[in-house]
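Notes to accompany the following structure.
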Amino acid sequence: MLYRFAPAAAAVLVAIVLPIAGTPYLIDVGTLVLVYVILGLGLNVVVGYAGLLDLGYAAFFAIGAYTTALLMVDYHWPFWVTLPVAALLTALSGIIIGTPTLRLRSDYLAIVTLGFGEIVRIAATNLTFTGGPEGVYGIPHPRIGMFVLRSPQAMYVLAMAFALLVLVGSYNLARSRLGRAWLAIREDEAAAQAAGIYPVYFKLMAYVLGAVFAGAAGSFFAVKLTAINPSSFTFIQSVTILMVIILGGMGSLPGVILGAAVIVMLPEALRAFDQVRMFAFGIGLIALMLIRPQGLWPSRIGQIERRVVAASAASIAAGTGADTVASTE
Amino acid sequence: MAAASPASTVRTGAVLEVEGLTMGFGGLIAVSEASFAVRPREILSIIGPNGAGKTTVFNCITGFLRPTTGRITFEGASITGLRPDLIVKRGIARTFQMIRLFPHLGVDENVMIGLHGRTRAGTLDSLLHTPRHRREEAWAREETYRWLRFVGLDAHARLLARELAYGDQRRLEIARALATAPRLLILDEPASGMNPAEKAELVHLVGRIRDAGITVLFIEHDMSVVMGISDRIIVLDYGVQIAEGVPDEIQRNPRVIEAYLGREDEE
Amino acid sequence: MQIALQQLVNGLTVGAFYALIALGYTMVYGIIRLINFAHGDIYAVGAFLGLSVYGLLAFFRVGDPVLATLVALVVSMGCTGLLGVLLYRVAYRPLLRARLSILISAIGGSLTLEYGLFLVYSPSFLVYPHLFGRAGLTAGDIQISWLQILIFASSIVLMAALYLMVHRTKIGMAMRALAINQDAARLMGVDVSRVIALTFFLGSVLAAFAGVLTGLYYSQISFLMGFLIGLKAFTAAVLGGIGNIPGAVLGGFLLGILESLAAGYFSSRWKDVVAFAILIVILVVRPRGLLGERVVERM
Ligand SMILES: Nc1ncnc2c1ncn2[C@@H]1O[C@H](COP(=O)(O)OP(=O)(O)O)[C@@H](O)[C@H]1O
Ligand SMILES: [Mg+2]
């Protein structure tokens, strides 16, 4: 029992002590971890819960960030009013890109989302109203009444509030009617249909919820950094977020937190090795899939994935039905 | 009056009416001009050699295939070409020839997923875990156990579906279908791979399902099962319907004996 | 009209590259239903290996451009082909049944190759030798360089060879059998794993060929060069009908021409967006592409 609670207790303790005792640099690192927690939780709904591979997730992060940045800088809207607008716009773009493509095979979806991510980034770089390659700067700090959220502590607390909301939402989703429908679709789409589920709708829901979470993260990201540009929203960013959930364990909420912490802190700790970071990511992704597809902190979904991988490997070892692709074709 | 209208369906009192159903795959005509009606609360079997097109008929009725031509009417309304989930909502549930469960989910969850169309919680309810959602989940759990008891799997509720014995998996699939509250249940070779004891149990279960007011349409190979419980039988051969009648008639029909029973012996 | 014709010539050249790479995507997808995300990077590796060979030959004072190019092509194609097989063996083979995991592994393979090049070679652009210059044919304002003719002609020859191999040889028949039904192919005695490995080999060989030629054509290469072109070649494969070999060729040339026309008439900054937009529209409107067959899902 203790070993199950100890890590959680330690995490809570760190989360509370950090803003009180930490240096501004450490607090900022903590804030960045929280941003990746939000992003990871959002992508986890798409990849972990619904089993859809999204390779352009950073696009929604970008749409949220640019919405808040542009509304605050060009139209002087308060941060809190830009939030629902960002949520709405990301949801809308999720629907626009998802509706036609979610009917397709899941691997087609992966490539379409990749293309979508690139379109958004190229558009942000080439359009004038987004500020081109320089992006948007001079984004004001958010305020609550007269109080301006400026200090690292204040931003940390704000990020924590966002992250907790998203965490509770994710937790609820996992044990809901919606969560069950996702599990069913993930396991066997035809069987899910026979049980009365319309897969396209629920895939779209996962996709849109994931998009909204990323949009919220983007809004926060914009006011935290006060300047944004397209280089924060590349394919590599999408892969980094994917790495957060793969490392932690698909579908696992503690896993996402752990993954976010590792992904943010490892490069911070190994700044000198920045050159090999992406290389290590690549090797890491393959190795994780081969050795530990369930991630560091496996959930039930991770366990299912592990079984599928094990069955795949076993059939090859046995020489029977080796190299057969997923059987539902 | 060859083509029946919805009104005539009501008049004949059929639950399900299949008219001129044809399904082609490229050059292959898997089902050709099949027409039959299923009456309320009857047990109707479709038999025929492998590849005769039986499963294809089921796939057309349940929306997994869109028929090339033909018309399918359920309770007076056309369901031709409707999406599978919408057909489930209309009141038709099915099982698959090759069992399709959610193998890594719990036995109880498998049934609970069958309740999907009978519960209403939306995205916000799910996200916020509202009292409404909580009430609905409690109801769903009770309903799940009701059906597990009905098929005799309540003792295994907490296992994973893949951990069940083969015969139990078949029954779990039936429980999932029943959980959708169908008025017509379609079973695709439910007894295949079962031992005699399990088959006897299945026959008993199908009888109880009919007693619960549910019409049953099923495909079966085992003649003892088919002859024992069917009210009527339809015989398909190479996609063509060659006979229809009560078990006695079918057993005596020379075309059936030649086309189906004769060949069955070779297996 | 002048612009259109000139862009057509350029489009056919770029289209040849797309087609060569698209063939690798389409063959692998046809056989194991995997989008090999690392395929674009395989092409990049081919370009870098070719450059290394050129460097080595220059060191040994082999001056003849034709000979040097032949050696560079052969060595690069051979090594890259083996790399493709290695990738399959290590990163894909153990995961063939695990849909999501294999795609993630492919992303991992892509990053590994890209940043492997980055570490081994250089983070910036590298310059290819200028062996063939700009000389060529001129008709009015339209220019066609010898290099463009060489690229076009040799690509056509290679593609024809591939087509013949797939349709006229025993191993090609095994590939096709595998694409249609894996279990049946196995029962007929096809060594499934070897045929898949061969498919990866062939796809990688064609990609390496394209890699060396793009190096000569654009005269510079970078470790990320495979990312975008890989995505576009995949688009070409989908456009032609994924799994279909003539389709990949058709799609490649078509995409090359469309994109060149777009660049000629609009702005080249948006030409990548055009390619992705085509991809999305095709997948939505006609996912089986121009030449692909409709697949009926079996119950
Ligand atoms: N989705 C499909 N695509 C192509 N052919 C199919 C498909 N489904 C069934 N068939 C073919 O249709 C014929 C009838 O099959 P089926 O309905 O499964 O027969 P049965 O259930 O009576 O054994 C068979 O020849 C089968 O190969
Ligand atoms: Mg059948």
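Chain letters run A, B, ... following the sequence lines, proteins first, then strands; residues in each count from 1.
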Original post:
Quick one: does A:Asn172's side chain have a donor or acceptor within less than 3.5 Å of a partner on B:Leu127's backbone?
Top reply: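 Pair found, side chain donor or acceptor close to backbone of B:Leu127.
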Subject >> Under 3.5 Å donor-acceptor, B:His133 side chain and A:Arg177 backbone >> reply: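 Yes.
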Count the heavy-atom pairs under 4.5 Å between each of [options] and chain A, then report the option with the highest count.
{"options": "B:His116, B:Arg120, B:Glu136", "value": "B:His116"}
{"options": "B:Arg83, B:Lys89, B:Arg134", "value": "B:Arg83"}
{"options": "B:Gly63, B:Gly117, B:Pro84", "value": "B:Pro84"}

Answer with side chain, backbone, both or neither: which region of [X] has an atom nearer than 4.5 Å to a non-hydrogen atom of chain A?
{"X": "B:Ala121", "value": "both"}
{"X": "B:Leu115", "value": "neither"}
{"X": "B:Ile113", "value": "both"}

Original post:
Which heavy atom in B:Phe96 sits nearest to a heavy atom in A:Ala190, and how many Å separate them?
Top reply: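 Nearest pair, atom of B:Phe96 first, then A:Ala190: CZ-O, 3.9 Å.
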Subject >> Closest non-hydrogen atom pair, B:Asp85 against A:Tyr198 >> reply: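 Heavy atoms only, the tightest pair is OD2-CB, 3.3 Å.
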Could you check whether atom [atom1] of [X] has more than 12 heavy atoms from other residues, nucleotides or ligands sitting under 6.0 Å from it?
{"X": "B:Arg66", "atom1": "CZ", "value": "no"}
{"X": "B:Arg118", "atom1": "CZ", "value": "yes"}
{"X": "B:Tyr145", "atom1": "OH", "value": "yes"}

**OP:** Kindly indicate, with the supporting measurements, whether the criterion side-chain contact (heavy atoms from CB on, under 4.5 Å) is fulfilled by B:Thr62 and A:Gln193.
**Re:** CA-CA 10 Å; B:Thr62 51; A:Gln193 284 179 292; over 6 Å; no
Subject >> Max heavy-atom pair count under 4.5 Å with chain B, selected residue of A:Leu183, A:Val168, A:Leu178, A:Ile197 >> reply: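 So the answer, after comparing A:Leu183, A:Val168, A:Leu178, A:Ile197, is A:Ile197.
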Original post:
Between A:Ala174, A:Ala181, A:Ala184, which has the largest tally of heavy atom pairs under 4.5 Å with chain B?
Top reply: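 Maximum pair count with chain B is reached by A:Ala184.
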**OP:** Take A:Arg180 and B:Glu137 through the salt bridge (charged side-chain N to carboxylate O under 4.0 Å, His left out) test and state the conclusion after the steps.
**Re:** CA-CA 11 Å; A:Arg180 248 191 333 268; B:Glu137 289 289 286; 3.0 Å; yes
Original post:
Rounded to the nearest 0.5 Å, how far apart are CD1 of A:Ile304 and CG of B:Leu105?
Top reply: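 If we round to the nearest 0.5 Å, A:Ile304:CD1 and B:Leu105:CG are 5.5 Å apart.
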**OP:** Can you measure from CG (B:Leu128) to OG (A:Ser176) and round to the nearest 0.5 angstrom?
**Re:**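 The distance works out to 10.5 Å.
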Original post:
Looking at B:Glu109 and A:Arg175, does any basic side-chain N land under 4.0 Å from a carboxylate oxygen?
Top reply: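 No salt bridge links B:Glu109 with A:Arg175.
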Subject >> Qualifying residues under ring pair (Phe, Tyr, Trp, His ring centres under 6.0 Å), relative to A:Phe221, sequence neighbours excluded >> reply: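 Partners of A:Phe221 by the ring pair (Phe, Tyr, Trp, His ring centres under 6.0 Å) criterion, ordered by chain and then number, come out as A:Phe61.
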Using a 3.5 Å cut-off and no angle test, enumerate the donor-acceptor pairs between side-chain atoms of residues 199-210 of chain A and protein atoms at least two apart in sequence or in another chain.
| from | atom 1 | to | atom 2 | distance (Å) |
| --- | --- | --- | --- | --- |
| A:Lys203 | NZ | A:Glu189 | OE1 | 3.2 |
| A:Lys203 | NZ | A:Glu189 | OE2 | 3.4 |

Subject >> B:Pro103 vs A:Glu187 side-chain heavy atoms within contact, under 4.5 Å >> reply: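 Yes, side chains in contact.
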**OP:** For chain A, find its close neighbours in residues 154-183 of chain B: heavy-atom separation under 4.5 Å, sorted by number, or none.
**Re:**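 B:Leu160, B:Arg162, B:Arg176, B:Thr180 fall under the 4.5 Å cut-off.
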Subject >> Contacts of B:Lys199 that satisfy salt bridge (Lys or Arg N to Asp or Glu O under 4.0 Å) - sequence neighbours left out >> reply: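 Scan of B:Lys199 (salt bridge (Lys or Arg N to Asp or Glu O under 4.0 Å), adjacent residues dropped) gives B:Asp222.
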